[in-house]
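Chain letters run A, B, ... following the sequence lines, proteins first and then strands; every chain starts at 1.
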2 protein chains.
Amino acid sequence: MEQSAVSVDTVALRFWAGDDTVTLGVAPREWEPFRGRLALPGVLLGRGEQLVAAARRALTTKLGVPDEAIGAVGQLATFDEPNRDPRGPTLSIAMWAVVDEFAPAGQTATQWCSIGNPAKLAFDHNRILAEVRPLLSETLWRRTDFTRVLTGKRFAASRAVELTAALSGAAPDPGNLNRTLKAVPGLVRTEERVRVKATGRPAVVWEWSPDQ
Amino acid sequence: MEQSAVSVDTVALRFWAGDDTVTLGVAPREWEPFRGRLALPGVLLGRGEQLVAAARRALTTKLGVPDEAIGAVGQLATFDEPNRDPRGPTLSIAMWAVVDEFAPAGQTATQWCSIGNPAKLAFDHNRILAEVRPLLSETLWRRTDFTRVLTGKRFAASRAVELTAALSGAAPDPGNLNRTLKAVPGLVRTEERVRVKATGRPAVVWEWSPDQ
DNA sequence: CCAAAAGTGTTCAGTATACACCCATGA
DNA sequence: TCATGGGTGTATACTGAACACTTTTGG
């Protein structure tokens with residue numbers, strides 16, 4: 001029986017040392033339909049290919065992210081609107097991925113836009129983002145693999161505030177977030193302080209224990 | 001590009017007036033592989049077919065459930081183990097469905113087995129069931145469409161106890177469950193009592209308000 | 001000393017869970 | 001009247017959120 005095509009569209013997040021918010025990797029489409037329009041990195045699922053492998057392939061081929069820089073990948077939800085792709089019926093399995101810091105090789109058209117206020121994207125990608133964002137927000141500080149790669153091994157408490165604000169859409173109470181961090185398994189509070197903002201008290205440094 | 005096949009495998013639940021527990025619809029496979037072995041009703045997703053439509057088709061063709069008796073359908077998760085089907089790489093999208101009471105038309109080989117202790121099934125269907133069961137348990141009393149069809153329009157409180165026990169795997173505290181029901185939107189407590197068990201106090205009848 | 005940022009302590013609402021006790025029925 | 005099942009009331013724990021207040025810094 002002839003089937004719908006299956007594409008794997010990935011929400012690729014980064015939150016690097018220089019970034020002041022979480023951003024989302026998008027790239028202009030090379031071919032029709034929507035040629036030139038920004039879109040989530042997506043690939044057609046290969047025969048026998050696993051979802052995580054397809055998501056990684058989307059990031060390397062569409063965003064130019066080196067494979068070593070893909071820190072963690074997971075499943076989100078499936079979208080089955082039959083007219084979502086003008087080429088014909090296409091299932092979209094949405095995945096998330098977190099991108100470690102890397103040095104871009106040469107010029108790429110990849111853009112990193114805010115998740116809270118994303119660019120206008122091709123297909124139904126804005127709808128996918130809207131449905132998927134609350135899931136990501138709930139995953140933060142709960143799933144270690146996801147969170148660990150976003151924060152990096154060591155991070156200041158104020159970075160945790162920015163990260164939470166970016167994913168949830170609202171600034172968290174810093175005190176409550178502090179207690180949330182205390183309860184995250186594998187996360188330990190160091191004696192160290194760092195200055196992050198121009199003024200005010202310096203922030204505590206948190207660190208993931210080595211086995212995480 | 002050649003792709004993996006996509007099958008939609010459905011966890012079809014029923015909890016009819018005569019049933020004393022929730023059961024799961026399974027049917028022996030007609031063809032190889034696993035010919036004769038019991039399996040979840042599954043179909044290959046047709047081109048342009050939506051997931052809910054495929055799940056309904058699985059129930060009508062594999063279990064002999066008339067379409068009007070399919071009360072509610074929803075998405076669960078996707079399984080991508082490449083060797084899960086000996087015919088070749090096949091993605092399985094797991095769905096749930098709730099089956100209303102109907103009169104079976106003629107002989108069918110469909111069996112209804114307990115979800116807590118299901119038969120040995122073909123493919124990785126037992127694994128799918130194991131992963132999916134906690135999701136179903138969490139959905140009960142939260143998603144109205146799911147719960148409403150399982151209970152029927154009117155039901156005794158003791159039926160709610162049986163239902164919860166079947167999905168969660170442990171008997172709930174009847175008093176606490178009572179308060180849970182009180183908090184479910186669209187569910188109202190009637191003045192009526194009915195005798196369910198041979199002895200003991202008769203149970204209160206709960207009823208879904210018409211607009212649900 | 002003041003403003004800004006970080007962190008602590010406390011309170012309060014909502015939920016989940018446990019369990020003692022009371023109520024209604026058939027035998 | 002007693003065993004059985006149904007239902008109420010109450011205590012306890014945990015979680016999330018709100019917020020006043022203290023601490024540490026730069027200017």
Scan residues 155-182 of chain A against DNA chain C and write down, sorted by residue number, each residue with any heavy atom closer than 4.0 Å; if none is found, say none.
Ala157(A), Ser158(A), Gly175(A), Asn178(A), Arg179(A)
Contact check, residues 188-197 of chain A vs DNA chain C, heavy-atom distance under 4.0 Å, returns Arg189(A), Lys197(A)
Quick one: do the Thr60(B) and Asp67(B) side chains pair a donor with an acceptor below 3.5 Å?
no
Starting from P on dT24(D), measure out to CZ on Arg201(A) and report it in whole angstrom.
5 Å
Please, which pairs that meet ring pair (Phe, Tyr, Trp, His ring centres under 6.0 Å) have at least one residue in residues 128-153 of chain A, sequence neighbours excluded?
Trp96(A)-Phe146(A)
Per Thr199(A) side chain, nearest of listed nucleotides dT4(D), dA6(C), dA5(C):
dA5(C)
Donor-acceptor pairs under 3.5 angstrom involving side-chain atoms of residues 169-181 of chain B: please list them, not counting sequence neighbours.
unit_1, atom_1, unit_2, atom_2, d
Asp173(B), OD1, Gly175(B), N, 2.9
Asp173(B), OD1, Asn176(B), N, 3.1
Asn176(B), OD1, Arg179(B), NH2, 2.9
Thr180(B), OG1, Asn176(B), O, 3.1

Would you call Arg143(B) and Arg148(B) a side-chain contact if the rule is heavy atoms closer than 4.5 Å?
no
Grab the two heavy atoms, one from Ala58(A) and one from Val43(A), that are nearest each other, plus how far apart they are.
CA-CG1, 3.6 Å
What pairs of residues pass the salt bridge (charged side-chain N to carboxylate O under 4.0 Å, His left out) test when at least one of them lies in residues 192-207 of chain B, not counting sequence neighbours?
Arg154(B)-Glu192(B), Arg154(B)-Glu207(B)
Return all side-chain donor-acceptor pairs below 3.5 angstrom for residues 97-114 of chain B, not counting sequence neighbours, or 'none' if the list is empty.
unit_1, atom_1, unit_2, atom_2, d
Thr110(B), OG1, Leu63(B), O, 3.0
Ser114(B), OG, Gly116(B), N, 3.1
Ser114(B), OG, Asn117(B), N, 2.9

Under a 3.5 Å distance rule, please check whether Arg84(A) uses its side chain to pair with a backbone N or O of Pro89(A) as donor and acceptor.
no
